[in-house]
Amino acid sequence: AAIPVPKGFCRNLCHRHQLFINFQDLGWHKWVIAPKGFMANYCHGDCPFSMTTYLNSSNYAFMQAMMHMVDPKVPKAVCIPTKLSPISMLYQDNEKNVILRHYEDMVVDECGCG
Amino acid sequence: SEFQDYDFLQFLGLEKAPSPHRFQPVPRILRKIIRAREAAAASGASQDLCYVKELGVRGNQLRLLPDQGFFLNTQKPFQDGSCLQKVLHFNLSAIKEKGKLTMAQLTLDLGPRSYYHLRPELAVALSVVPDRGVRGRSQPLPGALLTQLSVPAPQGPLQFNLQGVVKDRNSKRLKNLDLHLQILVKEDRYSGVTVQPWNPCDRLIRSLHASLLVVTLNPKYCRPSSRKRR
């Protein structure tokens, strides 16, 4: 039988949060032609021992979470990206060159305890 | 607080945030590529960002260099009946990215239907010149003819593959590329008379736009193509 989980417990657990990066907020719209921004997201949340047994976490996180229970001075496992993807950007440099280039690991697709 | 974007600019390969007065015209092909990539990213489709399928070449960075050359003899008509002669100059040292150059495509945009009422046939001759000369003072030294072609309905972009030209004989990338462009107005096929060359030429001089699109493949980000080993 599933163990009843207290309300709001899940919200604190490690998961992906939406974060839209709008280049206008950074003043980069003056030289970035496209895109105007992109959904980058971020990882945040708690990594208790129980999570490391089923969420896509590394064995390392499992061991660290276990050691944290034995000795609280050992920090808990942390919530990190486990799947990332690139974006392409079209921008203009100072020599009037228009450049299209892609950048790895710009978007967080999945999170886990690591 | 002032956003410290220094690190990200380094990441983009820029010393400081560009501050262009106005954006260069972005060719349709680049907009098409970026839109396709945004759509693929939004749909979560996997992408091979080391292959530019719209151009059919491998590469992970495209750079469009504007022409920084100058027109020759704009004051008086040319003896040889040229409509216009122009030095095209591209600063290849602006290509900072490492890696193999997989494409160098010159685009001559003749502008919209520049001759809708005159229709003259154009002859376009393109040469590589060793020395571009000085604007308004000296002519470029004659160079090797690259291509010569007839353009019956002169409108829109003409494209030329210059990949073999942007490297020296040791396959090292040149620092500059200087070309001599000559456009002549040929006999007007319909009326049998040579049209007065200055009418379409003024319009062509105003609307001509040249740019060089280069594609580079950085092995640090892109594994060599997984060609089947025999």
Side-chain angles (χ1 to χ4, degrees), chain A residues 14-45 55-56 78-112 114, chain B residues 2-5 8-9 11-27 29-31 33-38 40-42 44-50 52 59-68 90-91 93-97 211-216 218 220-222:
Chain A
C14 168
H15 68 280
R16 185 182 76 165
H17 300 252
Q18 284 215 329
L19 169 66
F20 182 76
I21 293 187
N22 182 335
F23 288 137
Q24 182 123 7
D25 296 344
L26 306 176
W28 292 355
H29 60 294
K30 297 180 191 116
W31 51 278
V32 178
I33 300 167
K36 296 304 173 202
F38 69 100
M39 192 62 83
N41 309 318
Y42 67 93
C43 298
H44 182 69
L55 196 67
N56 50 345
V78 292
C79 184
I80 57 168
T82 51
K83 183 171 177 287
L84 294 156
S85 50
I87 67 161
S88 291
M89 281 177 62
L90 188 65
Y91 62 89
Q92 181 166 314
D93 70 4
N94 282 316
E95 283 123 359
K96 297 187 183 173
N97 290 200
V98 174
I99 297 150
L100 187 142
R101 183 168 163 176
H102 81 273
Y103 293 93
E104 296 292 348
D105 305 340
M106 296 285 276
V107 177
V108 174
D109 294 319
E110 291 168 13
C111 299
Chain B
E2 178 56 34
F3 184 84
Q4 298 307 321
D5 51 8
F8 187 68
L9 291 170
F11 176 55
L12 287 179
L14 294 167
E15 288 84 37
K16 60 186 174 64
S19 47
H21 300 301
R22 63 184 177 83
F23 280 138
Q24 292 295 309
V26 179
I29 184 69
L30 286 186
R31 288 196 185 279
I33 294 168
I34 194 93
R35 262 199 295 273
R37 290 187 175 183
E38 281 183 88
S46 71
Q47 306 181 63
D48 175 2
L49 291 169
C50 296
V52 188
N60 66 311
Q61 173 145 337
L62 290 76
R63 182 183 284 259
L64 189 81
L65 292 95
D67 162 36
Q68 296 168 336
F90 297 102
N91 171 17
S93 54
I95 306 172
K96 297 182 177 55
E97 41 281 1
S211 57
L212 184 70
L213 178 65
V214 294
V215 180
T216 46
N218 187 333
K220 182 180 157 200
Y221 299 111
C222 297

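Chain letters run A, B, ... following the sequence lines, proteins first, then strands; residues in each count from 1. FYI, side chains are in, hydrogens and waters are out, and symmetry mates aren't considered; it's all heavy atoms of this structure.
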If you take all heavy atoms of [X] and [Y], which pair is closest and at what distance?
X	Y	result
P18(B)	W31(A)	O-CD1, 3.2 Å
I34(B)	L90(A)	CD1-N, 3.7 Å
S88(A)	L49(B)	OG-CD2, 3.9 Å

Are there more than 12 heavy atoms of other residues, nucleotides or ligands under 6.0 Å from atom NE2 of H44(A)?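 Count not over threshold, so no.
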Exercise for the section: Pick one of side chain, backbone, both or neither for Y91(A), based on which atoms fall under 4.5 Å of a heavy atom in chain B. Expected result: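 Contact with chain B involves the side chain of Y91(A) alone.
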request  = Check whether V32(A) gets within reach of chain B through its side chain, its backbone, both or neither, counting any heavy atom under 4.5 Å.
outcome  =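 The backbone, not the side chain.
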Per-residue contacts, residues 17-25 of chain A versus chain B, heavy atoms under 4.5 Å: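 If one takes a 4.5 Å heavy-atom cut-off, no residue of residues 17-25 of chain A lies near chain B.
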Non-hydrogen atoms of chain A under 4.5 Å away: do they reach the side chain of S19(B), the backbone, both or neither?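 Both parts, backbone and side chain.
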_I'd like to check the salt bridge (charged side-chain N to carboxylate O under 4.0 Å, His left out) partners of E104(A); sequence neighbours left out, ordered by chain and number._
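Salt bridge (charged side-chain N to carboxylate O under 4.0 Å, His left out) list for E104(A), sorted by chain: empty.
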[atom2] on [Y] to [atom1] on [X], rounded to 0.5 Å:
X	Y	atom1	atom2	value
K96(A)	R22(B)	NZ	CZ	6.5 Å
I87(A)	E38(B)	CD1	CD	8.5 Å
R101(A)	L62(B)	CZ	CG	11.5 Å

Any pair with a residue in residues 80-93 of chain A that passes salt bridge (Lys or Arg N to Asp or Glu O under 4.0 Å), sequence neighbours left out, goes on the list, sorted by first then second residue, please.
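As it turns out, the salt bridge (Lys or Arg N to Asp or Glu O under 4.0 Å) pairs with a partner in residues 80-93 of chain A, which skip direct neighbours, are K83(A)-D109(A), D93(A)-R63(B).
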Query raised in the report: Pick from L65(B), V214(B), L64(B): which one makes a side chain to side chain contact (heavy atoms under 4.5 Å, CB included) with N97(A)?
Result: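 The option that passes is L65(B).
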Exercise for the section: List in chain and number order the residues that pass side chain to side chain contact (heavy atoms under 4.5 Å, CB included) with R35(B), two or more places apart in sequence or in another chain; answer none if no residue qualifies. Expected result: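 Expected list: R31(B).
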Selection from Q92(A), E95(A), K30(A) maximising heavy-atom pairs under 4.5 Å formed with chain B:
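Most pairs with chain B among the choices: Q92(A).
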